[in-house]
Amino acid sequence: MKSGNARITELEQLIIKYQDSYYNGDAEISDGEFDLLWDELKALAPESNVLKKIGTGYSVDGFPKARHLIPMGSQDKASNPQEFLEWAIKQSNNGKEKLTNKFIVQYKLDGASLELQYEKGKLIRSVTRGDGITGDDITANARRMTGTVAKLDVQFTGGIRGEVIMTHDVWQNKYSTKANCRNAANGIMRRKDGQGCEDLKVIVYDAATSDNDRFFKDETEKLKWLKQRGFQITVSKTFTAAQDIIAYRDEVAASRDKLPFDIDGLVVKNIEIDMADLRKARPEKQIAFKFELETAFSILREVIWSESGATYTPIGVVDPVRLAGTTVKRANLNNPDMIRAMGLKIGSTVSVVKRGEIIPKIEGLAPVSISSESQSGDKREGSSPGEYETTEIIFPEICASCETKLVDAGTRLYCPNPQCPKRLLHRLEKWVNVLDIRELGVKLIQQLFDKKRVTNISGLYTLETGELADYDRMGEISAAKVIRHIQTKRELSLAVFIAGFDFEGIAETTMEKITAAGFDTLKKLRGASKEDLAAVYGLGNITASVIADGLIECADDMDAVLKTKVITIAPPPAADSLPLRGLSFCFTGELKSMKRGEAEEKIKALGAQSKSSVVKGLSYLVTNDPGSGSSKNKKARELGIPVIGEDEFFALLNQKQNKSALKQGELF
């Protein structure tokens, strides 16, 4: 075990190192991991100079340096309601939980800080955070960002502070190779040629004049003034009760995955402006009230193998940890290659994440700094820091269902036997699920399979009411209902038809990519080589092999199903039946003639794409108020995207249709 002083020194070195990488756009660890290091140092050495430092003093070479007008100090943080309450009570005039002063609560944007400096209303400089006192002057890049106002409508001299962010849709469409939106924004804003800066957005939340600390009455008036100047401001609300702020934090945390950009908590400020406090290295009258960590650290105790169809998926059993408001005991490990790549062993200290997944995921080994002082107390006596009793993870080698030797393909561990009972049963269940035959429950499918009455999909279509009535809890009426629903004629898209045959890991969305690439009939699909399929954007050799092998394996069963005429495959849409092919639409606001979701489904059926936000390349923004000053309307105009109302939208549909197209009323 390291001595207290040795551990403090190690923590200080790690925090300085990771601050350096964070401020220079190449963060090495997550916020959750950094917070754990910070909290540990704060507990061991609350007076450490590192905790009082604003940054590391480093910045990217090549840009001119400039001093901030508003010091970019670090905020104190509260990671849980108790820590926040302690801070709130100190701020209260009466020292009690019931506050007697007002607080403004804002989204804590997860991006890169930027100060816009103005002289008599003109933007003269844009400065990155740097060390909090001096940063890089990236004015040329900032001018290309959405939300930067080059000239104000008033003679203002001072600084306006904001956050440079990248929206989720931009990241997904253009920069998904970067670890996250923040890292992508950090890197792009510092490019010497400014390329990509038009994909960034500046959202502001603070302002101060150079010579008048009383220019703004309070924080609310400040935000109102910023909005009037044309800036996009962060979401804010006012409160007087600490418990109301805690409840609001829970409310925002539960819905933040629906936001177009990342936030990692709330900023709570006294509504009264105190410039003397703001100029401190760590202001006392504001605090970052962070969300529950989405990253936690635990010990891997066991790996169990979940059997689904032919695939064996590893699940890690860990010591219970709190993660995003829930207690986690199990986490996904995905596949054998992931286990090998991470060097995992039973007893390893691991990083567990939960970013919207129902089941958390083990992302890798925890940083050495955390592993070396694990809270589990599992270190061997006499061992060096970071050394634990560990054992190798045992991979299953034989299929538990048919005793066939399993194939370790790296990305998956599976049973190769096409007649494996578990594999065949799973295919039946998948087909029933895809077609939504609710009356045919899992227990009845199991009975039919165990009695070898139905062992493939086509066997379902040979069932008769009389024989089914003899099964447990059935009878004539229930049996007739099941048969009626099985025999209901259905026309399926090729993508749905193939997905129903349960090729390992092949979902309907994957098949839609293939049909869109021209393999839009069963005949064309069967005639495609593995190389042809692998060439489809977003697939690759492994997926192509699974599809090609699955088509061969299930050929007879597919033909037998289609021969019944109960199931048919819809023909591919003719080119002239998709008048909106190649176009994309974003709908905003409440439409009068239909719900937004309905409009999105309709345009998809006519060949167009639906976008959730205004992005470069969007064809049209459809709104119930084309003349409004909403952020989407403003961004669309800045990007040269047409903003149209419902009447223009319907007129456009008519215009895009060929001579034989239906009238608007028939379309909808």
Side-chain angles (χ1 to χ4, degrees), residues 18-32 34 55-56 58-63 68 72 74-75 106-116 123 125-132 135-149 160-206 231-235 256-257 259-265 267 288 290-291 294 355 612-617 631 635 638-639:
Y18 293 140
Q19 274 187 327
D20 180 23
S21 65
Y22 172 79
Y23 290 130
N24 286 290
D26 192 22
E28 297 178 51
I29 62 174
S30 69
D31 280 0
F34 184 85
T56 64
Y58 294 109
S59 58
V60 177
D61 291 331
F63 288 103
H68 291 294
M72 290 195 177
S74 295
Q75 293 170 317
Q106 303 171 328
Y107 284 175
K108 185 178 182 299
L109 303 166
D110 190 12
S113 296
L114 186 71
E115 183 184 66
L116 304 173
L123 178 66
R125 205 172 290 112
S126 301
V127 187
T128 64
R129 180 170 186 171
D131 64 1
D136 291 346
D137 182 349
I138 61 165
T139 307
N141 288 356
R143 287 179 181 275
R144 300 174 65 171
M145 300 175 190
T146 301
T148 298
V149 180
I160 293 174
R161 185 173 174 181
E163 199 85 354
V164 178
I165 60 100
M166 176 179 286
T167 58
H168 296 155
D169 59 294
V170 170
W171 177 79
Q172 290 168 354
N173 292 332
K174 301 182 69 173
Y175 302 101
S176 58
T177 55
K178 299 291 184 182
N180 50 49
C181 293
R182 184 188 65 201
N183 279 21
N186 247 312
I188 291 169
M189 68 186 282
R190 298 169 184 274
R191 287 178 176 171
K192 304 301 187 298
D193 61 4
Q195 185 177 356
C197 285
E198 62 275 7
D199 293 326
L200 305 180
K201 176 183 291 189
V202 179
I203 300 177
V204 303
Y205 51 85
D206 209 346
F231 291 103
Q232 182 172 341
I233 60 173
T234 186
V235 174
R256 65 173 161 149
D257 59 334
L259 295 175
F261 47 78
D262 291 328
I263 63 173
D264 58 357
V267 174
K290 305 201 80 172
F291 296 135
E294 289 193 331
R355 299 192 178 107
S612 60
S613 59
V614 177
V615 295
K616 186 179 291 186
S631 59
K635 184 174 181 181
E638 289 173 351
L639 295 174

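Start at 1 with the first residue, then count along the sequence.
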Enquirer: Could you work out, with side-chain hydrogen bond (donor to acceptor under 3.5 Å, both in side chains) as the rule, every residue matching S113, not counting sequence neighbours?
Expert: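 S113 satisfies side-chain hydrogen bond (donor to acceptor under 3.5 Å, both in side chains) with E163 only.
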
Enquirer: Can you find a pair of side-chain heavy atoms, one from I203 and one from Y205, that are under 4.5 Å apart?
Expert: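 Not in contact.
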
Enquirer: In Å and rounded to the nearest 0.5 Å, what is the CG to CD1 distance from D110 to I263?
Expert: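 The CG atom of D110 sits 9.5 Å away from the CD1 atom of I263.
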
Enquirer: Apply side chain to side chain contact (heavy atoms under 4.5 Å, CB included) to I188 and M166, showing your working.
Expert: CA-CA 10 Å; I188 291 169; M166 176 179 286; 3.5 Å; yes

Enquirer: F291 and G265: which non-hydrogen atoms are nearest, and at how many Å?
Expert: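 What the structure gives for the nearest pair is CE1-N, 3.2 Å.
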
Enquirer: So that I can tick it off, tell me whether R182 and D262 are bridged by a salt bridge, with the cut-off set at under 4.0 angstrom between side-chain N and carboxylate O.
Expert: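 Salt bridge between D262 and R182, a charged N being under 4.0 Å from a carboxylate O: no.
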
Enquirer: Distance check, rounded to the nearest 0.5 Å: D169 atom CG versus D199 atom CG?
Expert: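 Going from the CG atom of D169 to the CG atom of D199 covers 9.5 Å.
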
Enquirer: Looking only at heavy atoms, which two atoms of R125 and D137 are closest? And how far apart?
Expert: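 The pair with the smallest heavy-atom distance is CG-OD2, 3.3 Å.
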
Enquirer: Just to verify, what does E638 make a salt bridge (Lys or Arg N to Asp or Glu O under 4.0 Å) with, not counting sequence neighbours?
Expert: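 E638 satisfies salt bridge (Lys or Arg N to Asp or Glu O under 4.0 Å) with no other residue.
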
Enquirer: Between I233 and V204, is a side chain to side chain contact (heavy atoms under 4.5 Å, CB included) present by the stated rule, with each step listed?
Expert: CA-CA 5 Å; I233 60 173; V204 303; 3.9 Å; yes

Enquirer: Please list, chain by chain and in numerical order, all residues satisfying side-chain hydrogen bond (donor to acceptor under 3.5 Å, both in side chains) with T148, sequence neighbours excluded.
Expert: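 Residues passing side-chain hydrogen bond (donor to acceptor under 3.5 Å, both in side chains) with T148: none at all.
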
Enquirer: Please find the pair of heavy atoms, one from L114 and one from A142, that lie closest to each other, and give the distance.
Expert: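 Minimum heavy-atom separation between L114 and A142: CD2-CB, 4.1 Å.
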
Enquirer: Give me the atom names and distance for the closest heavy-atom approach of M145 to I138.
Expert: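 For M145 and I138, the tightest heavy-atom pair comes out as CE-CD1, 4.3 Å.
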
Enquirer: Would a distance-only check, ignoring hydrogens and angles, find a side-chain to backbone donor-acceptor pair under 3.5 Å from T139 to S126?
Expert: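 Confirmed, T139 side chain pairs with S126 backbone.
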
Enquirer: Using side chain to side chain contact (heavy atoms under 4.5 Å, CB included), reason through D264 and K108 one step at a time and then give a plain yes or no.
Expert: CA-CA 6 Å; D264 58 357; K108 185 178 182 299; 3.3 Å; yes

Enquirer: Output the distance between atom CG (N141) and atom CE (M189), rounded to the nearest 0.5 Å.
Expert: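 Those atoms lie 8.0 Å apart.
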
Enquirer: Rounded to the nearest 0.5 Å, what separates atom CG in D136 from atom CZ in R190?
Expert: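 The CZ atom of R190 is 5.5 Å from CG of D136, to the nearest 0.5 Å.
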
Enquirer: Ignoring hydrogens and angles, tell me if any N or O in the side chain of R143 forms a donor-acceptor pair with the backbone of L123 under 3.5 Å.
Expert: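 Yes; at least one donor-acceptor contact below 3.5 Å.
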
Enquirer: Over all heavy atoms of both residues, which pair between I165 and G111 is shortest? Give the atoms and the distance, please.
Expert: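 Here I165 and G111 meet closest at CG2-CA, 4.1 Å.
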
Enquirer: So how far is it from T146 OG1 to R144 CZ, rounded to the nearest 0.5 Å?
Expert: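 The distance works out to 11.5 Å.
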
Enquirer: Tell me whether R161 is salt-bridged to E115, with the criterion being a basic N under 4.0 Å from an acidic carboxylate O.
Expert: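 A salt bridge is absent here (no side-chain N lies under 4.0 Å from a carboxylate O).
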
Enquirer: Looking only at non-hydrogen atoms, find the nearest pair between Y175 and A184 and report the distance.
Expert: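 Taking every non-hydrogen atom into account, CB-CB, 4.2 Å.
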
